[in-house]
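These notes concern the structure reproduced below.
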Amino acid sequence: MSNIDLDNLNEEQKKAVLYNEGPLLILAGAGSGKTKVLTTKIAYLIEELDISPYEILAITFTNKAALEMRERVDKMIGSVAKYIQISTFHSFGLKILRENYDKLGYSNNFVIMDSDDSLTIVKKILKNLNYDPKIYNPKAIRNKISNCKNELISPKDYERYIASDYENVVSEVYYKYEDKLKKNNAMDFDDLLLLPITLFRKHPEVLQRYQERYKYILIDEYQDTNEAQYILSKMISAKYKNICVVGDADQAIYGFRGANYKNILNFEKDYPNALSIKLEQNYRSTKTILDAANCVIKNNEKRKEKNLWSTKGEGDKITYYRAYDEKDESHYAAMEIKKLLDSGKDASDIAILYRTNAQSRVIEEELLKDNIPYRIVGGFSFYQRKEIKDLLAYLKLIFNPKDDVSFLRVINTPKRGIGLRTIEHLTEKADKEGISLFEAIDGGKEEKFKDLIISLQKVAESVTLTELIDKVLDSTGMKAELESEKSIESEVRLENLEEFKSITKAFEERMGLVSLEDFLYEVSLVNDKDEYKDSRHKVSLMTIHSVKGLEYDIVFVLGLEEGIFPHRNSLMSASETEEERRLCYVAITRAKEKLYLLNARRRVLFGEDSINPPSRFISEIDESLIDSNTKKTEEVKHINKEDVIRDEDVDYKVGDYVVHEHFGAGKVVDVTNSLVSVAFKHPYGVKKLMKNHKSLTKV
DNA sequence: CTGCGTGGCATTTTT
DNA sequence: TGCCACGCAG
């Protein structure tokens, strides 16, 4: 009769799928099949209850999760899935704003500032006000402003609670910051949540339209919603109250970003007639892994008891390895992975998790040495590269010349002899007349720049996006500058720009002809282009925050040391330490079959040796679950090392061409005692390698 | 105005 | 360790 199979759901899951009129709370423990429930529910609404896909709004935590959810629904009910609004809160907010910008006093070419742009603005404001950035940390202030916006605290509201000089400065900056965004016809990330709420409060008739349209609302990872997201979902669901939220308070890990896990605890108070369903059967992990997770999480005081159970067997014990230092730690992981791969495991079933992005480098180096293919999820994105940001700034400026941040980024890129003095002049004039920097240009060598942008605006009207990019690279001199530089660095940059063009091309093919506008809005929200990259047969490396919602057969958690994980900055507050513990819970519960917990006796931090005791989370795990055999592994390490190391060093010079077994051809850019830095083709980039490693040959 | 050298300082986690 | 801000010379 239909493609929706309810028989492979358990009773509770089935109940959750079938209950669709009125508020529903699904408390879904780790690995309890909540994505399956959500996707089946959506399919059921459309296929069985004949609900139009246009009337369904599904909110996920990341763009990747949205993509995956759409694919899974598509598999069940086919291509109508594309009409469902499945997105993150931020993209949904942007959609609303693109439909209503005028009612908030913006014009149609508003731009989105990323958090780097926000920081730039804050820095500039502090400078203008003559505040010492050493006392008034720009990042801290930006975060403070962001938190305010996520809690719907306006500059006016904030001003009322000022209790110190410091807060006074924050208040002053906050006012100016908001002012600056508005003048630039720009919004920041937080505005994408905040402004829709402002809109709905000012224009109830607009809100009504959205309430009428989205009759069925589903929200995933509800424990990580912040105040703005909470209010927004409440507003839109207020009429029909068909709101289904899914989450697990034990997995709340975004408190630092203003998320409030109490939103999920309070759901039944918000909706007294809500049905609440608990999914407690874990289908993912072995009993050993689940037990370990429970051992850790039960140490949190502020927590509701929960009873996750599994029918899977005991499985392997957890391996705990206390390494000598961070290199040894990574090396141990690499050796274990090698064994796993040799025994037939696929690399894509293995993940290495860590607390901070900075830890990834050492791990990468070890994996490189041992020729283990990997990919990094999240982390430093393609879009944060200088040349890409420059190009994007040009595109943004073409789209919206009032964008002063982009203006300042490119006015002298490449060098046009426009320096500080000119800019000061321009700023003064712009401030006095209340216009943008671009508009303030009147004569001088800046005039040429103005003409350039204006002519590119004309070009933009008649060519495709990819053609426009070519034009920008040519006419601004960006390309010429990089080509004349003839360094490895500049070659890599040129390749990145080419890669960027292939992204826009793919975008154009996927969506038909695409406007600059559509593209800019898309890239402003998707910062991890590697998501599209091939992940087959590669070990995944990522922070624990990034691994949320994913699962792997084999999981390595590294850096389990006091000060690293739990992170030192969290140790001052009990609630933050509890969040670290939830993070640990998330890490452990990602593993299906086998878990490795690693740490290092000593580790180089800030270029200094530091010695850290093992993480408290290790001692919280029952000893009977752990198999600790450090000695044995140290022997393994020794034997394996000889397999891959040559006896004598090869003499490398900068400029030499080399071939690597995995990365292919490359050029030597730097040489130290035992290491060479080699620039490989995209996507590999510059890698540090051991001179005497077998995988590398001089040509 | 640009380029280079020095010294101080910092790293949590991300839509 | 490596990045950024600042100061100085050309």
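In the text below, chain A, chain B and the rest are named by the order of the sequence lines, each starting its count at 1. Side chains are part of it too, since the values below use all heavy atoms of this structure and drop only hydrogens, waters and symmetry mates.
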Determine yes or no for a side-chain-to-main-chain donor-acceptor pair under 3.5 angstrom, with [X] supplying the side chain and [Y] the backbone.
X       : Y       : result
E151(A) : E227(A) : no
D224(A) : I253(A) : yes
D117(A) : D114(A) : yes
K450(A) : I441(A) : yes
S524(A) : Y521(A) : yes

Would you tabulate the nitrogen or oxygen pairs shorter than 3.5 Å linking the protein to nucleotides 3-8 of chain B?
none

*With under 30° as parallel and over 60° as perpendicular, where do the rings of Y106(A) and F110(A) fit, or are they tilted in between?*
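Ring orientation of Y106(A) relative to F110(A): perpendicular.
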
*If the plane angle is over 60° it's perpendicular, under 30° parallel, otherwise tilted; pick one for F382(A) and F500(A).*
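Rings of F382(A) and F500(A): parallel, as their planes differ by under 30°.
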
*For the rings on Y131(A) and Y166(A), is their centre-to-centre separation under 6.0 Å?*
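No - the distance between ring centres of Y131(A) and Y166(A) does not fall below the 6.0 Å cut-off.
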
*asked:* Do S610(A) and R602(A) pair up side chain to side chain, a donor and an acceptor below 3.5 Å, judged on atom types alone?
replied: no

*With distance as the sole criterion, is a donor-acceptor pair present between the side chains of Y177(A) and D188(A) under 3.5 Å?*
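Yes, because at least one side-chain N or O of Y177(A) sits under 3.5 Å from a partner of the opposite role on D188(A).
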
Can you see if the side chain of [X] gets near the phosphate of [N] - specifically, an N or O under 4.0 Å from OP1 or OP2?
X       : N       : answer
T422(A) : dC1(B)  : yes
K64(A)  : dT15(B) : no
R361(A) : dG2(C)  : yes

*Residue pairs, two or more places apart or on separate chains, that pass salt bridge (charged side-chain N to carboxylate O under 4.0 Å, His left out) and touch residues 403-419 of chain A*: K180(A)-D404(A), D390(A)-R409(A)

Of the options [options], whose atoms approach the side-chain atoms of [X] most closely?
X       : options                  : result
T88(A)  : dT14(B), dC6(C), dT15(B) : dT15(B)
K127(A) : dC6(C), dT13(B), dA5(C)  : dC6(C)
N412(A) : dT14(B), dT2(B), dG2(C)  : dT2(B)
T543(A) : dC6(C), dC1(B), dT13(B)  : dT13(B)
S546(A) : dC1(B), dT14(B), dT15(B) : dT14(B)

Nearest-angstrom distance from the residue atom [atom1] of [X] to [atom2] of [N]:
X       : N       : atom1 : atom2 : result
L550(A) : dT14(B) : CG    : C1'   : 15 Å
N147(A) : dT15(B) : CG    : C1'   : 13 Å
L353(A) : dT14(B) : CG    : P     : 12 Å
E221(A) : dT14(B) : CD    : P     : 15 Å
I544(A) : dT14(B) : CD1   : P     : 11 Å
D190(A) : dT14(B) : CG    : P     : 16 Å
Q384(A) : dT15(B) : CD    : C1'   : 13 Å
E365(A) : dT1(C)  : CD    : P     : 11 Å

How would you label the contact of [X] with the nucleic acid (heavy atoms, under 4.0 Å): base, sugar-phosphate, or nothing?
X       : value
Q229(A) : nothing
L192(A) : nothing
N357(A) : sugar-phosphate
F61(A)  : sugar-phosphate
K139(A) : sugar-phosphate
D224(A) : nothing

_How about NZ on K144(A), more than 12 heavy atoms from neighbouring residues, nucleotides or ligands closer than 6.0 Å, or not?_
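Counting neighbours around NZ of K144(A), 12 or fewer heavy atoms of other residues, nucleotides or ligands fall under 6.0 Å, so no.
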
*Does atom CD of E428(A) have more than 12 heavy-atom neighbours from other groups under 6.0 Å away?*
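No, because the 6.0 Å sphere around CD of E428(A) holds 12 heavy atoms or fewer from other groups.
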
*Please figure out whether L605(A) or S115(A) has its closest DNA chain B nucleotide nearer the 5' end.*
L605(A)

*If you find the nucleotide of DNA chain B closest to F89(A) and the one closest to R421(A), which residue's nucleotide is nearer the 5' end?*
R421(A)

Mind listing the N/O atom pairs, protein and nucleotides 8-10 of chain C, below 3.5 Å?
none

*Going by number, which of residues 247-263 of chain A have a non-hydrogen atom under 4.0 Å from DNA chain B?*
Y254(A), F256(A), R257(A)

_Strand contacts (DNA chain B) in residues 559-571 of chain A, 4.0 angstrom heavy-atom criterion_ =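 Correct list: H567(A), N569(A).
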
_Any D518(A) side-chain heavy atom under 4.5 Å of R98(A) side chain_ = yes

*Close side-chain approach of D248(A) and Y585(A), heavy atoms under 4.5 Å*: yes

*Residues in side-chain hydrogen bond (donor to acceptor under 3.5 Å, both in side chains) with T356(A), at least two apart?*
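Partners of T356(A) by the side-chain hydrogen bond (donor to acceptor under 3.5 Å, both in side chains) criterion, ordered by chain and then number, come out as Q359(A).
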
